[in-house]
Amino acid sequence: MSMTQINWYPGHMKKTKDLIKENLKLIDVVLEVVDARIPISSKNPDIAKLAQNKKRIIVLNKSDLLTKEELIKWKEYFKNEKLADEVVELSAETGFNVKQLYVAIEKVSKEKKQKLLEKGLKKVNIRIIVLGIPNVGKSRLINRIVGKNSAGVGNKPGFTKGKQWVKIKEGIELLDTPGILWPKFESQEVGMRLAITGAIRDEILPIEDVACEFIKKMINLHKWEVLKQRYRLLEEDKDEITENILEKIALRMSMLNKGGELNILQAAYTLLRDYRAGKLGKFGLDNFENFMDD
């Protein structure tokens, strides 16, 4: 499948980038949310340029879908490469480790607060901008830390509209913006990882092709046993080409159309949804070793 089919850059993405540039002078801390399963692929390269001279926090969201070992490696990577002042692993969905985000905010804003207090200011507000590509959980995170639905959240990528300031606690305000996605994928691999994890709407993709690519990745990651057990596959099914394995999943799970034909589309959606929900185990798709070699 050619990645030219999923080079998606809606008009509102450019508007969002302009919006960020306009508001950046008001910002003290840039908080970037990435998907812990694909922390590099879901990291917008524009954000590093936009965030120059600002304190930076990277949030590894959906971290409950990754092993502890992988999380430790990625946290060290972002700190060692000076891509962030603080790195926080959490789950906006479950609330896991959200309190640690407050600790990181206090840590990075301590110096500025101290300077302003020394100048005689009695009240100091720290303003944070929250950035990330669509569907990494930005709005859900804001809802979680504010404690009510003050930012619109949907299940579709790119749901959040416009901008809004959200007060999360005394002295800390967030500027929520729609997620932004770069106009050209850096590689076919990056585009495919975004597709597999749901950062790009399933409706605009040949979903069977995405599922076949995911099956290849699972086999390469030595996850065949997981596939076998989850979808009642047989050992000999492993030798089939990926398209046929998708058919075998439909067959073994009795996924049939009204006419009795195998429902390959249902098999593809089921496979991807199971991964996104953590039902196929905890593992990421970005190869850590590849980035360390760069």
On a heavy-atom basis, which atom in Leu101 and which in Leu31 lie closest, and how many Å separate them?
CD1-CD1, 3.8 Å
Minimum heavy-atom distance between Arg230 and Leu280, given as atom pair plus value:
CG-CD2, 3.8 Å
Value for CD (Glu208) from CG (Leu265), rounded to nearest 0.5 Å, stands at 5.0 Å
Testing Ile245, Leu246, Ile241 for side chain to side chain contact (heavy atoms under 4.5 Å, CB included) with Cys212, which one passes?
Leu246
Does any N or O in the side chain of Asp202 come within less than 3.5 Å of the main-chain N or O of Ile207, such that one atom is a donor and the other an acceptor?
no
Stepwise, does the side-chain contact (heavy atoms from CB on, under 4.5 Å) test hold for Thr270 with Met253?
CA-CA 10 Å; Thr270 300; Met253 301 300 287; over 6 Å; no
Taken to the nearest 0.5 Å, the spacing of Lys55 NZ from Ile128 CD1 works out to 13.5 Å
Indicate the atoms forming the closest heavy-atom contact of Gly171 with Asn125, along with that distance.
CA-OD1, 3.3 Å
In chain order, what residues pass the side chain to side chain donor-acceptor pair (under 3.5 Å) check against Glu240, with sequence neighbours excluded?
Asn244
In the structure I gave you, are the side-chain heavy atoms of Leu131 and Asn44 within less than 4.5 Å of one another anywhere?
no
Distance from Ile38 atom CD1 to Thr197 atom OG1, nearest 0.5 Å?
3.0 Å
If hydrophobic clusters are built by linking Ile, Leu, Val, Met, Phe, Trp and Tyr wherever their side-chain heavy atoms come under 4.5 Å apart, do Phe96 and Leu66 end up in the same one?
no
Taking NZ, NE, NH1 and NH2 as the nitrogens, is one of them in Asp286 or Lys43 under 4.0 Å from a carboxylate oxygen of the other?
no
Check Glu93 with Arg140, please: is the shortest side-chain N to carboxylate O separation under 4.0 Å?
yes
Quick one: do Glu189 and Arg193 make a salt bridge, cutoff under 4.0 Å?
yes
Polar side-chain atom of Arg252 near backbone of Tyr231 as donor-acceptor pair, under 3.5 Å:
no
Check the hydrophobic clustering (I, L, V, M, F, W, Y; side-chain heavy atoms under 4.5 Å; chains of links allowed) and say if Ile142 and Tyr102 are grouped together.
yes
Quick one: does Val210's side chain get under 4.5 Å of Met192's, heavy atoms only?
yes
Give the intermediate values and the outcome of side-chain contact (heavy atoms from CB on, under 4.5 Å) for residues Asp46 and Lys49.
CA-CA 5 Å; Asp46 289 335; Lys49 298 169 194 169; 3.9 Å; yes
Which atom pair, heavy atoms only, marks the closest approach of Asn263 to Ala250?
O-CB, 3.9 Å
Grab the two heavy atoms, one from Ser63 and one from Ala36, that are nearest each other, plus how far apart they are.
CA-CB, 3.8 Å
With Glu89, which residues qualify under side chain to side chain donor-acceptor pair (under 3.5 Å), at least two apart?
Lys68, Lys75
Can any side-chain N or O of Lys54 pair as donor or acceptor with the backbone N or O of Ile27 at less than 3.5 Å?
yes
Can you tell me how far CG of Leu205 sits from CG of Leu272, rounded to the nearest 0.5 angstrom?
9.5 Å
Rounded distance [0.5 Å steps], CZ in Arg276 versus CG in Leu65:
12.0 Å
Whether Asp274 side chain and Leu271 backbone form a donor-acceptor pair below 3.5 Å
no
Do Val103 and Val59 share a hydrophobic cluster (ILVMFWY, side-chain heavy atoms under 4.5 Å, transitive)?
no
Crowding at CD, Glu236 (>12 non-hydrogen neighbours, <6.0 Å):
yes
For the hydrophobic clusters of this structure (ILVMFWY residues joined by side-chain heavy atoms under 4.5 Å, transitively), does one cluster hold both Phe214 and Ile219?
yes
With side chains defined as the heavy atoms from C-beta onward, is the minimum distance between Leu60 and Val34 less than 4.5 Å?
yes
Go through Trp74 and Ile58 one step at a time and tell me if the side-chain contact (heavy atoms from CB on, under 4.5 Å) criterion holds.
CA-CA 11 Å; Trp74 284 118; Ile58 286 180; over 6 Å; no
Option from Val87, Asp85, Ile47 for which side chain to side chain contact (heavy atoms under 4.5 Å, CB included) with Arg56 holds:
Asp85
Under the ring pair (Phe, Tyr, Trp, His ring centres under 6.0 Å) test, residues paired with Phe283 that sit two or more places apart:
Tyr275
Determine, stepwise, if the pair Tyr77 / Lys73 fulfils side-chain contact (heavy atoms from CB on, under 4.5 Å).
CA-CA 6 Å; Tyr77 170 80; Lys73 281 183 179 180; over 6 Å; no
Is a side-chain N or O of Ser42 found less than 3.5 angstrom from the main chain of Asp35, in a donor-acceptor match?
yes
Any side-chain heavy atom of Ile133 within less than 4.5 Å of one from Leu194?
yes
Side-chain donor-acceptor contacts of residues 112-121 below 3.5 Å, not counting sequence neighbours, with atom names and distances?
from: Lys112; atom 1: NZ; to: Asp28; atom 2: OD1; distance (Å): 2.3
from: Lys113; atom 1: NZ; to: Glu106; atom 2: OE1; distance (Å): 3.4

Which is it for Glu225 and Lys228 under the salt bridge (Lys or Arg N to Asp or Glu O under 4.0 Å) test, yes or no, and what are the steps along the way?
CA-CA 5 Å; Glu225 283 300 315; Lys228 194 170 105 174; 3.6 Å; yes
Name all residues meeting the side-chain contact (heavy atoms from CB on, under 4.5 Å) criterion together with Lys216; count only those two or more places apart in sequence or in a different chain, and write none if there are none.
Glu213, Thr242
Looking only at heavy atoms, the pair that brings Asn135 and Lys62 closest together is O-NZ, 3.1 Å
Drop me the distance from Leu174's CG to Arg127's CZ, to the nearest 0.5 angstrom.
11.0 Å
Measure from the side-chain N and O atoms of Asn61 to the backbone N and O of Val33, and report whether any donor-acceptor pair falls under 3.5 Å.
no
Report yes if the side chains of Leu90 and Gln100 come closer than 4.5 Å at any heavy-atom pair, otherwise no.
no
Under the side chain to side chain donor-acceptor pair (under 3.5 Å) rule, collect the residues that match up with Tyr269, sequence neighbours excluded.
none
